[in-house]
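Have a look at the structure below before the remarks.
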There are 2 protein chains.
Amino acid sequence: MLAQKESSLTFTDARQLTLVGKALPADAFFHRIDTAVFPGIPPAVKHLLTHSAGLALSFETNSTQLVVKWCTNPRGPGDNLTAIVQEGMDLYIKRNGQWQYAGVARPTTHDCNEFAVVQNMAAGNKECLLYLPLYDETYSVQIGVERGAKLISKPNPFKRNILVYGSSIVQGASASRPGLAYPARLSRETGYNFINLGVSGSAKMEAEVAEMIATMPMDAFILDCVPNSSPEQVTERTAHLVRTIRAQHPLAPIIAIQSIIREGGNFDELRADQTTAQNGNFLREIRQLQSGDEGLYLITAEDLLGDDHEGTTDGTHPNDLGFDRMLQKIRPAVLEILRKHGI
Amino acid sequence: MLAQKESSLTFTDARQLTLVGKALPADAFFHRIDTAVFPGIPPAVKHLLTHSAGLALSFETNSTQLVVKWCTNPRGPGDNLTAIVQEGMDLYIKRNGQWQYAGVARPTTHDCNEFAVVQNMAAGNKECLLYLPLYDETYSVQIGVERGAKLISKPNPFKRNILVYGSSIVQGASASRPGLAYPARLSRETGYNFINLGVSGSAKMEAEVAEMIATMPMDAFILDCVPNSSPEQVTERTAHLVRTIRAQHPLAPIIAIQSIIREGGNFDELRADQTTAQNGNFLREIRQLQSGDEGLYLITAEDLLGDDHEGTTDGTHPNDLGFDRMLQKIRPAVLEILRKHGI
């Protein structure tokens, strides 16, 4: 809905606020990484790191309504994504210590939009997290509050830094809105800062990407990069990725995750064989590496999507039901590892 | 993906196959109802009944691949829907007595498309259900199988008829693909034929719609029509709807469902008040009617979406997680009522 009384609103450029979720500093405010620093990484990865996946603005306001104006790359959504998740936003507000859904910014065009995310709120301070578009480059965001209301930046509410490197599934396909990507849910549900390094279709463990990841100041690393790597690439590249990270982070837990069992392989036997080979090769590599690395863990594919085969949008990408089931397995496993390492 | 060897495929017009899910016969094959028979119903309802929501083709094939060509209304998807759910399709195949996801037909344009839903299957017969687009009028569907493979119509696999009258939520927003609309899930999971009479934004219990519903040869009726009706309409129209159905169906259970608690009202106090008033008025009406009607039941809103507030796409429409939670409450309640009535 459009704001009823726009003339009574004051807009603030989001660049004045804390942006949560960057893997490394970048001059381009809404890019996840400044890829100019890493000239060797593949062009597709560079492009995807301009998507604002996993980024959220942290601020506080006492306004009773919140309106956003924003511009993104004009590309429309993929066939397995809502416009809301690809190029829209969602807002969470803290209530009784928990982050709670408050509203959504619905795109009505594919470039620049304005939307009243929430209205008619009670008076008083609200601690806010506004998640940015998951599958588009964000060009600008302005946040409107009532004239006279305060809008101030807040610190990152999440502690430590845990990188999640992976495919479209990590980037968030096919969550229905940005805040439902699984790293974002992990952050809100655990209090740790899970950082979205999902690069749709391009999480292939290239040596240059491994070197980039190793430079990141992280307390732990989650590697969910099997789905985009061929069985041969899994065998050729997994050890190099793990060792490159380990060389720079001798004590950080590294948590490897097998690919979800693709529902597209329920009847397509070649697709099933592909996932079996990817996961088999990954298991073999990780088990070998674990013999010399006590900080390397593996979460296997069993039960990641439940057992009713309803957890994907398209046989490849979890829907919100599939993501919820993944988290039921991943969240306690990761929390146990972090605690064991005193993180 | 496109079929690899289209010249080796034989296409069959879907109109030669059984279409599951119609509320009443209609000359227009892909319309849910022939609304010309009911001239008094509102234009918006008539339009929505041209959407192929809840319709599925029932057939058997021994092909190892299945390709579809189809055309829909050229409208693109709403901001809270994937193209797959709005104008695509999904295929289920029976395995060990259970319907299991097999593939999806991804639209690459908004009008006519061709897609290989599944390939590389084992030899042998497959009993199939192909769900049609949920939020568009479907103009034509052709199903391609290998030349020489059989493709034969199968009967409706579901027993009895249970109408589900409701809003966009019943129609299927925001499931990620057509087969995940909640009436479709109920049919597959219970074996009963739940019929989708969801009319997005237009489930307002008008007298003409009540009369149309009462003509339908149903064994039970589910009324999930509170979300689109104002609190005043709920008070004015609920009794007329229930009594109009009851007059034609003296023994059929009628199962009324309160509106889900809208997550858009978590912080927007007016939206919260609206749902509270709708549900309060509905409860009052149903309780009064129940005193003279032993076949009238109420499923209340508590826990329909769980308690973490993550079950919607946009604060109004359940995502697949929200639908799963709704079914955890609705499915056993409905089954108990049907059994009690010997259905």
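Residue numbers begin at 1 in each chain, while the letters A, B, ... track the order of the sequences. In what follows, every heavy atom counts, from backbone to side chain, and hydrogens, waters and symmetry copies are set aside.
Separation of atoms CG (B/D79) and NE2 (A/H110) is listed at 10.0 Å; rounding is to 0.5 Å. Separation of atoms CG (B/L81) and CG (A/L81) is listed at 12.5 Å; rounding is to 0.5 Å. Distance check, rounded to the nearest 0.5 Å: CG of A/N319 to CZ of B/F323 gives 11.5 Å. To the nearest 0.5 angstrom, B/T82 atom OG1 is 12.5 Å from A/H317 atom NE2.
The most heavy-atom pairs under 4.5 Å with chain B, out of A/D90, A/V104, A/L270, come from A/L270. Of the listed residues (A/R188, A/Q98, A/E189), the one with the most heavy-atom contacts under 4.5 Å to chain B is A/R188. With chain A as the partner, the residue from B/L180, B/V85, B/D308, B/D314 showing the most heavy-atom pairs under 4.5 Å is B/D314. Ranked by heavy-atom pairs under 4.5 Å with chain B, the list A/T108, A/T64, A/N80, A/V118 is led by A/N80. Per-residue counts of heavy-atom pairs under 4.5 Å with chain B were compared for A/A83, A/G88, A/G264, A/S176; the largest is that of A/S176. Among the candidates A/A122, A/G322, A/A272, A/G179, the residue making the largest number of heavy-atom pairs closer than 4.5 Å to chain B is A/A122.
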Derivation of the side chain to side chain contact (heavy atoms under 4.5 Å, CB included) call for A/D324 and B/R325
CA-CA 11 Å; A/D324 196 69; B/R325 291 168 174 171; 4.0 Å; yes

Could you walk me through whether A/D320 and B/E310 pass the side chain to side chain contact (heavy atoms under 4.5 Å, CB included) check?
CA-CA 9 Å; A/D320 291 317; B/E310 301 288 40; over 6 Å; no

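With a 4.5 angstrom heavy-atom cutoff, B/R262 does not touch chain A via any of its atoms. Heavy atoms closer than 4.5 Å to chain A are found nowhere in B/S174, neither backbone nor side chain. Contact of B/P107 with chain A is made through backbone and side chain together, with heavy-atom distances under 4.5 Å.
The minimum heavy-atom distance between A/Q100 and B/F267, with the atom names listed, is O-CE1, 3.8 Å.
Side chain of A/N266 to backbone of B/Y101: a donor-acceptor contact under 3.5 angstrom is found. In this structure a side-chain-to-backbone donor-acceptor pair under 3.5 Å is present from A/R177 to B/T312.
Between A/H309 and B/Y92 there is no side-chain heavy-atom pair separated by less than 4.5 Å.
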